[in-house]
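Just below is one structure, and these are the notes that go with it.
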Amino acid sequence: TGVEIPGTPDAERFREKYGITDEYLIYVGRIDEGKDCPMLFRYFLEYKKRRPDSKLKLVLMGKAVCEIPQHPDILSLGFVSEEDKFDGILGARALVLPSKFESLSISVLEAMALSVPVIVNGVCEVLKGHCIKSNAGLYYHNYFEFEGITDYLLTHPEEYAVMQKNARAYIDRYYDWDVIMKHFGEVVESL
């Protein structure tokens with residue numbers, strides 16, 4: 001599939017609408033146990049406990065079908081408009097996807113299309129593969145790797161900027177509709 005970003009996303013519009021002034025990680029999708037969201041919540045809360053001065057937030061977009069901890073730094077927005085979704089992703093430090101079982105992940109590709117690095121569960125070979133091939137994401141297998149990744153993305157601006165460029169280049173190389181249609185045309189021609 002290809003990835004398209006509708007309109008002109010605006011991170012400031014999102015921040016103003018939802019009153020978010022600090023750095024944040026974003027999760028987009030169904031909020032449930034099958035996506036390993038409870039693990040993400042445990043990791044994020046542990047991160048906040050170990051970093052009491054951190055102002056980092058976790059923003060959630062999507063239908064909640066599992067319990068979301070009540071915490072001032074976890075913001076669950078429920079269903080949002082497409083405009084809010086893309087504005088929110090654009091403003092995030094990273095999109096995080098804790099799922100162990102993904103076959104593609106449109107939200108990861110949408111984040112990369114917006115030049116936003118990703119943090120994914122390293123157990124999922126597909127998500128791990130996106131990170132390795134793009135050099136635009138990092139993957140974890142346990143809490144301490146999650147903590148290290150989060151700290152790294154917040155404290156290494158030069159490397160972060162390279163990851164942003166790599167993310168967009170990866171989408172342009174493999175998930176742009178023109179590239180996909182060209183490959184599809186080649187398959188049809190060969191048949």
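Values below: all heavy atoms of this structure, side chains included; hydrogens, waters and symmetry mates excluded.
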Look at the aromatic rings of His71 and Phe44 and report parallel, tilted or perpendicular, splitting at 30° and 60°.
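Plane angle over 60°, so perpendicular.
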
Would Cys66 and Ile31 count as a side chain to side chain contact (heavy atoms under 4.5 Å, CB included) if you check the C-alpha gap in whole Å, the side-chain angles of each, and the deciding distance to 0.1 Å?
CA-CA 6 Å; Cys66 71; Ile31 302 165; 4.1 Å; yes

Find out whether [X] and [Y] are in side-chain contact, i.e. whether some heavy atom of one side chain is under 4.5 Å from a heavy atom of the other.
X      : Y      : result
Leu97  : Ser105 : yes
Val3   : Ile106 : no
Val28  : Leu60  : no
Tyr27  : Met61  : no
Val162 : Lys165 : no
Leu56  : Asp22  : no
Gln164 : Val116 : no
Ile74  : Lys57  : no

Could you tell me which non-hydrogen atom of [X] sits nearest to which non-hydrogen atom of [Y], and how far apart they are?
X      : Y      : result
Lys128 : Gly122 : CD-O, 3.6 Å
Lys35  : Glu102 : NZ-OE2, 2.7 Å
Ala113 : Ile171 : N-CG1, 3.5 Å
Leu127 : Ser99  : CD1-O, 3.7 Å
Ser54  : Lys48  : O-NZ, 2.6 Å
Arg15  : Thr21  : NH1-C, 3.7 Å

Mark yes or no for whether His130, through its side chain, and Leu104, through its backbone, hold a donor-acceptor pair below 3.5 Å.
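Here the side-chain-to-backbone pair exists.
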
In this structure, would [X] and [Y] fall into the same cluster of hydrophobic residues linked by side-chain contacts under 4.5 Å?
X      : Y      : value
Leu25  : Ile68  : yes
Ile26  : Ile5   : yes
Phe101 : Val120 : no

Pairs flagged by side-chain hydrogen bond (donor to acceptor under 3.5 Å, both in side chains) wherever residues 135-150 is involved - sequence neighbours left out:
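Matches after skipping sequence neighbours: Arg50-Glu147, Arg51-Glu147, His141-Glu145, Tyr143-Glu147.
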
Kindly list each side-chain donor-acceptor pair under 3.5 angstrom involving residues 83-96, sequence neighbours excluded, with atom names and distances?
from	atom 1	to	atom 2	distance (Å)
Asp84	OD1	Lys17	NZ	3.4
Asp84	OD2	Lys17	NZ	2.7
Asp84	OD2	Tyr18	OH	2.7
Lys85	NZ	Glu110	OE1	3.1
Lys85	NZ	Glu110	OE2	3.2
Asp87	OD1	Asp10	N	2.6
Asp87	OD1	Arg13	NH2	2.9
Asp87	OD2	Arg13	NE	2.6
Asp87	OD2	Arg13	NH2	3.1
Arg93	NE	Leu153	O	2.8
Arg93	NH2	Leu153	O	2.8

So does Glu67 have more than 12 non-hydrogen atoms from other groups sitting under 6.0 Å from CD?
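Open: at most 12 neighbouring heavy atoms sit under 6.0 Å from CD of Glu67.
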
OG of Ser134 to CE of Met163: how many Å apart, nearest 0.5 Å?
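Ser134 atom OG to Met163 atom CE measures 7.5 Å (nearest 0.5 Å).
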
Rounded at 0.5 Å granularity, tell me how far CD in Glu125 sits from CD1 in Ile132.
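So the CD of Glu125 and the CD1 of Ile132 are separated by 7.5 Å.
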
Under 3.5 Å, is there a donor on one side chain and an acceptor on the other for Tyr24 and Asp73?
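Asp73 and Tyr24 do not have a side-chain donor-acceptor pair below 3.5 Å.
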
Ring centroid separation for Tyr152 and His156, is it under 6.0 angstrom?
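Yes: the rings meet the under 6.0 Å criterion.
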
Under the side chain to side chain contact (heavy atoms under 4.5 Å, CB included) criterion, do Asp32 and Lys63 qualify, and how do the steps go?
CA-CA 8 Å; Asp32 75 8; Lys63 180 179 180 182; over 6 Å; no

